[in-house]
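In this chain, residues are counted from 1 in sequence order. Keep in mind the model is a prediction, meaning the values are calculated, not measured. Excluded from the calculations below are hydrogen atoms, water molecules and symmetry mates; all remaining heavy atoms, backbone and side chain alike, are included.
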Amino acid sequence: MNITPQQLVVMAVVGIVAGWLASIIVGGPGTIIGYLITGLIGAFVGGWIFNAAGWKLNLGSEWAEWIVTAVIGAVVVVLLARLIFF
């Protein structure tokens, strides 16, 4: 599996936006690196949740679907982290 630099930039942008939105919704890290890590982990978790449930968003934009999925996953990750570590 080859990942191009363009794909890395897209993943970083989606991760940062998703992490930032999740931090607005439930609180969380206040740094760009924190947003990036939360958003990237959230993207994997959100994708897993949606695939396991058999859901498809159909928002009309791939970017919007990626971001919404990542935000939902990031919210789940932040809430689980709070339950486990605090």
Side-chain angles (χ1 to χ4, degrees):
M1 180 174 177
N2 295 331
I3 296 178
T4 65
Q6 182 180 7
Q7 290 169 326
L8 286 174
V9 170
V10 168
M11 285 191 286
V13 169
V14 169
I16 291 170
V17 170
W20 175 70
L21 288 172
S23 74
I24 289 173
I25 294 169
V26 293
T31 64
I32 290 197
I33 298 296
Y35 296 153
L36 177 64
I37 292 169
T38 304
L40 289 177
I41 294 170
F44 286 108
V45 170
W48 181 81
I49 290 170
F50 276 73
N51 284 334
W55 297 336
K56 180 80 171 124
L57 291 175
N58 295 325
L59 297 176
S61 169
E62 249 183 300
W63 279 85
E65 290 179 15
W66 293 338
I67 291 173
V68 169
T69 301
V71 168
I72 291 169
V75 167
V76 169
V77 167
V78 170
L79 292 175
L80 285 175
R82 284 187 183 165
L83 286 173
I84 294 170
F85 297 112
F86 296 109

Notebook entry, point to check: Of the non-hydrogen atoms in G39 and A70, which two are nearest, and what is the gap between them?
Noted result: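 Answer, listing the atom of G39 first, then A70: O-CB, 4.1 Å.
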Next on the checklist: Please give me the minimum heavy-atom distance between A74 and A22, naming the atom from each residue.
Outcome noted: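 Of all heavy-atom pairs spanning A74 and A22, the closest is CB-CB, 3.6 Å.
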Grouping I, L, V, M, F, W and Y whenever their side-chain heavy atoms are under 4.5 Å apart, do [X] and [Y] come out in a common cluster?
X   : Y   : result
F50 : V45 : yes
I16 : M11 : yes
I3  : F44 : no
L40 : I72 : no
I41 : W20 : no

Would you be so kind as to tabulate the donor-acceptor pairs closer than 3.5 Å made by side chains of residues 29-36, with sequence neighbours excluded?
| from | atom 1 | to | atom 2 | distance (Å) |
| --- | --- | --- | --- | --- |
| T31 | OG1 | G34 | N | 3.0 |

Q) Hey, does V68 have a side-chain heavy atom less than 4.5 Å from the side chain of W63? A)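 Heavy-atom side-chain distance check fails, nothing below 4.5 Å.
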Open item on the list: What I'd like to find out is whether the side chain of N2 reaches to under 4.5 Å of the side chain of Q7, using heavy atoms alone.
Closed with: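 SC-SC contact between N2 and Q7 ruled out.
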Separation between OG1 (T69) and CH2 (W55), nearest 0.5 Å, reads 11.0 Å
Inter-residue atom distance L57.CG - E62.CD, 0.5 Å rounding: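 The distance works out to 12.0 Å.
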With sequence neighbours left out, the residues meeting side-chain contact (heavy atoms from CB on, under 4.5 Å) with I67 are V14, V17, L21, V71
